[in-house]
Asker: 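After the structure tokens below, expect a handful of questions from me.
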Amino acid sequence: MNLRTSEAASRLLPAVEPDSTVTDVLFFGGADTVLGKVLLARSAKGVCAILLGDDTTALETDLAARFPEATLIANEAMVRDDLAKVVRYAEKPSKGLDLTLDMRGTPLQRRIWEQIRTIPVGKTKSYMHVARLINCVYPRVAARVVANACAANPIALAVPCHRVIRADGELAGYRWGIGRKRELLRKEAEA
């Protein structure tokens, strides 16, 4: 059945009030870690970003670019507990990183990130291995998709893309720097 709404009828529909529009508010704060600077952001649902780098201003710019529709509020008190867990994890990965996450991405990215989260501390999997777990029909194509999902991951450490390596065992690119990836894997191997 094909329903058509006349222009006159559509004008009778109630307008959306600005007060009923949901605003995405993210609280964020930063700290220094053994891996460099970290900026953590959380929504009402959980942590949606853990960004690593060397410059706080660059991390804040990255956060704003990743969440252009959100209202960003610097508030150390709102993220203190989560930030302390991240700092502790960077120092001693064997303690684990237990955070409530608000993973934002495409359904495929979230599926890949969930798969990556199952890789235990001290272990690695190749992009191809993760791809086979996601899509056994086209693993070579899917390996590129896994690499792209890792590059898009805004939640470093909690979604441990550093544990995904090349099929030959060599380290491949890491959004937060290959040196950080190497150091994280070294620390985790000692855990």
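This is a predicted model, so every value here is computed, not measured.
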Asker: In Å and rounded to the nearest 0.5 Å, what is the CG to NE2 distance from Leu52 to His162?
Answerer: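 It comes to 10.0 Å.
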Asker: Sub-3.5 Å donor-acceptor pair from the side chain of Arg182 to the main-chain atoms of Gly177, do we have one?
Answerer: no
Asker: Determine whether Ile165 and Leu133 fall in the same hydrophobic cluster, where Ile, Leu, Val, Met, Phe, Trp and Tyr are linked whenever their side-chain heavy atoms lie under 4.5 Å apart.
Answerer: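 Hydrophobic grouping puts Ile165 apart from Leu133.
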Asker: Please report the closest heavy-atom contact between Ala31 and Val87, naming both atoms and the distance.
Answerer: CB-CG2, 3.9 Å
Asker: Passes side-chain contact (heavy atoms from CB on, under 4.5 Å), Val86 versus Leu99? Steps please.
Answerer: CA-CA 9 Å; Val86 170; Leu99 298 170; 4.1 Å; yes
Asker: Under a 4.0 Å N-O cut-off, is there an ion pair linking Arg186 with Glu183?
Answerer: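 Yes.
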Asker: Inspect the contact between Lys45 and Asp24 and indicate whether a charged nitrogen and a carboxylate oxygen are less than 4.0 angstrom apart.
Answerer: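 No, this pair does not count.
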Asker: What are the two closest heavy atoms between Ala172 and Arg166, and how far apart are they?
Answerer: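 Ala172 and Arg166 have their closest heavy atoms at CB-CG, 3.5 Å.
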Asker: Let me confirm one number: the CG-CG distance from Leu39 to Leu51, rounded to the nearest 0.5 Å.
Answerer: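 Answer for the CG-CG pair, Leu39 versus Leu51, is 5.5 Å.
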Asker: Looking at CG of Leu157 and CG of Leu184, how far apart are the two atoms once the value is rounded to the nearest 0.5 Å?
Answerer: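 Answer rounded to 0.5 Å: 5.5 Å.
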Asker: Ile73, Val38: one ILVMFWY side-chain cluster at the under-4.5 Å cut-off?
Answerer: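 As far as the 4.5 Å side-chain criterion goes, Val38 and Ile73 are connected within one cluster.
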Asker: Around Asp98, counting heavy atoms of other residues, nucleotides and ligands shown, do more than 12 lie under 6.0 Å from its CG?
Answerer: no
Asker: Please tell me if the side chains of Trp176 and Lys181 come closer than 4.5 Å, counting only heavy atoms from C-beta onward.
Answerer: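 No, every pair of side-chain atoms sits at 4.5 Å or beyond.
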Asker: What do the steps show when you test Thr71 against Leu26 for side-chain contact (heavy atoms from CB on, under 4.5 Å), and what is the final call?
Answerer: CA-CA 6 Å; Thr71 300; Leu26 303 180; over 6 Å; no
Asker: Does the side chain of Val47 reach to within under 4.5 Å of the side chain of Asp102, using non-hydrogen atoms?
Answerer: no
Asker: Taking the side chain as C-beta and beyond, is there a heavy-atom pair between Lys92 and Lys187 under 4.5 Å?
Answerer: no
Asker: Contact between Asp54 and Lys37 at the side-chain level, heavy atoms closer than 4.5 Å - yes or no?
Answerer: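 SC-SC contact between Asp54 and Lys37 ruled out.
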Asker: Do Val25 and Leu40 belong together in a cluster built from hydrophobic side chains that touch within less than 4.5 Å?
Answerer: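 In one cluster: yes.
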Asker: Can you find a pair of side-chain heavy atoms, one from Phe28 and one from Leu63, that are under 4.5 Å apart?
Answerer: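 SC-SC contact between Phe28 and Leu63 confirmed.
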Asker: To the nearest 0.5 Å, tell me how far Arg88 CZ sits from Lys95 NZ.
Answerer: 9.0 Å
Asker: Side-chain contact, heavy-atom cut-off 4.5 Å: Ser94 with Tyr89?
Answerer: no
Asker: Starting at CZ of Arg163, measure out to OG1 of Thr124 and round the result to the nearest 0.5 Å.
Answerer: 10.0 Å
Asker: So do the side chains of Arg42 and Ile50 get within less than 4.5 Å of each other, counting heavy atoms only?
Answerer: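 No, their side chains stay 4.5 Å or more apart.
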Asker: Within the structure provided, determine whether Val146 and Gln115 are in side-chain contact (heavy-atom separation under 4.5 Å).
Answerer: no
Asker: In terms of hydrophobic clusters joined by side-chain contacts under 4.5 Å, are Leu171 and Val159 together?
Answerer: no
Asker: Please evaluate residues Glu114 and Met103 with respect to the criterion side-chain contact (heavy atoms from CB on, under 4.5 Å), reporting the C-alpha separation (whole Å), side-chain torsions for both, the decisive distance (0.1 Å), and the verdict.
Answerer: CA-CA 9 Å; Glu114 286 293 349; Met103 292 195 295; 2.6 Å; yes
Asker: What closest approach, in Å, do Leu72 and Ala64 show between heavy atoms, and which atom pair accounts for it?
Answerer: CD1-CA, 3.7 Å
Asker: Considering non-hydrogen atoms only, spot the tightest contact between Ser126 and Ala167 and give its length.
Answerer: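 Distance-wise, the nearest heavy atoms are CB-CA, 3.7 Å.
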Asker: If you measure from CZ on Arg180 to OH on Tyr174, what distance do you get to the nearest 0.5 Å?
Answerer: 8.5 Å
Asker: Where do Phe67 and Cys48 come nearest, in terms of heavy atoms and distance?
Answerer: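 Taking Phe67 first and Cys48 second, the nearest heavy atoms are CZ-O, 3.5 Å.
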Asker: Assess the residue pair Arg66 and Asp62 against the criterion (salt bridge (charged side-chain N to carboxylate O under 4.0 Å, His left out)); give the C-alpha distance rounded to whole Å, side-chain angles, the decisive distance to 0.1 Å, and a yes or no.
Answerer: CA-CA 6 Å; Arg66 288 174 182 271; Asp62 187 10; 3.0 Å; yes
Asker: Could you report the tightest heavy-atom contact between Tyr127 and Val164, atom names first, then the distance?
Answerer: CD2-CG1, 3.3 Å
Asker: Going through the distances and angles, do Thr106 and Gln109 end up as a side-chain contact (heavy atoms from CB on, under 4.5 Å)?
Answerer: CA-CA 5 Å; Thr106 67; Gln109 286 173 331; 3.2 Å; yes
